[in-house]
Protein chains: 2
Amino acid sequence: MTQLARTPKDIGHAIREARKAKGFTQKELAARSGVWQETISKIENGVASTKLETLFDLFAALDLEIQVQPRSKGSQSGLEDIF
Amino acid sequence: MTQLARTPKDIGHAIREARKAKGFTQKELAARSGVWQETISKIENGVASTKLETLFDLFAALDLEIQVQPRSKGSQSGLEDIF
DNA sequence: CTGGTTTATGATGCGGAGGCCATAATGGCG
DNA sequence: CGCCATTATGGCCTCCGCATCATAAACCAG
């Protein structure tokens, strides 16, 4: 369960997945992360380019972390190739 | 060469590393990414919470990508344990 | 030390992210 | 089908990230 991400939308997906996996509602996650439910909704749907700060708040609440790595293999998870 | 990140500062470091590794100056990276040199400086130093959009612009120019994963092993790269 | 490149700092102005409230749309479930 | 929980929209307002220009500080040859 590790998600590759190259766009804000990818991040949104990853967050939604993780949240569901943990059985949280947006409201619950909001409470745990200090980020508002409305904002979470937007982020999960890729609306608006989130601030890193907010992102990490969510990651902390979901017990996620990020790994920065070279784009070795071209789009191996076979989803987006938008540009 | 894959960097773990849990804070904006971590991201900044990763970017600086990657940039240096490619032998770019901030100015060059600025030209390639469309992000201003001054902004890159701030990001690399962890000043200000960057927008995801900007981040991905830089990642694209540096040929980097992100991986979202559970915080399995407790701080294995031995740097931050701030909270 | 001196000059040139690279990086950092500072100020201004605009646009957009997110806090916040209200409400609409959606989705089970009995 | 109505009812309640969950999620999505929209508006308002404040704050701050980034573009942009100018300049200072730090580095690094030579």
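As a whole-Å value, the separation of B:Ile40 CD1 from C:dT9 P is 15 Å. One atom, CD of A:Glu28, and another, P of D:dT7, lie 9 Å apart when rounded to the nearest Å. B:Phe24 has its CZ atom 12 Å from the P atom of C:dT7, to the nearest Å. In this structure, NZ of A:Lys51 is placed 10 Å from P of C:dA17, rounded to the nearest angstrom. The nearest whole Å value for the distance from the CD atom in B:Gln26 to the P atom in D:dA25 is 18 Å. Separating the CD atom of A:Glu53 from the P atom of D:dG17 is a distance of 7 Å, rounded to the nearest angstrom. Nucleotide C:dT5 holds its P atom 19 Å from the CG atom of B:Leu29, rounded to whole Å. The CG-C1' distance, from A:Asn45 to D:dA8, rounds to 8 Å in whole Å.
The pair B:Arg19-B:Glu44 counts as a salt bridge, with a side-chain nitrogen and a carboxylate oxygen less than 4.0 angstrom apart.
Between the side chains of B:Gln3 and B:Glu17, no donor N or O sits under 3.5 Å from an acceptor N or O.
Using a 4.0 Å cut-off, some side-chain N or O of A:Trp36 falls inside it from OP1 or OP2 of C:dC20. When the side-chain nitrogen and oxygen atoms of B:Thr50 are compared with OP1 and OP2 of D:dG17, none of them lie within a distance under 4.0 Å. Between A:Arg19 and the phosphate of D:dT6, there is no side-chain N or O to OP1/OP2 separation shorter than 4.0 Å. The side chain of B:Thr39 contributes an N or O atom lying less than 4.0 Å from OP1 or OP2 of D:dA19. Considering only side-chain N and O atoms, B:Thr25 lies nowhere under 4.0 angstrom from the phosphate OP1 or OP2 of C:dT6.
Contact of the A:Glu65 side chain with the B:Leu4 side chain is registered, since non-hydrogen atoms from C-beta on lie closer than 4.5 Å. Contact annotation: the side chain of B:Glu28 never approaches that of B:Gln37 to less than 4.5 Å [non-hydrogen atoms, C-beta and beyond]. Counting heavy atoms from C-beta outward, B:Gln67 and B:Thr2 have side chains that stay 4.5 Å or more apart.
Side-chain atoms of A:Gln37 come within donor-acceptor range of the base of D:dA8, with a qualifying N/O pair under 3.5 Å. On a pure distance criterion of 3.5 Å, a polar donor-acceptor pair joins the side chain of B:Glu38 and the base of D:dC21.
Across all strands shown, B:Ser41 has heavy atoms under 4.0 Å from base atoms, whether or not it also approaches the sugar-phosphate. Nucleic acid contact for B:Val35: sugar-phosphate only, since backbone atoms but no base atoms lie under 4.0 Å from a heavy atom of the residue.
Sequence order on DNA chain D of the closest nucleotides to A:Lys27 and B:Leu55 puts A:Lys27 first from the 5' end.
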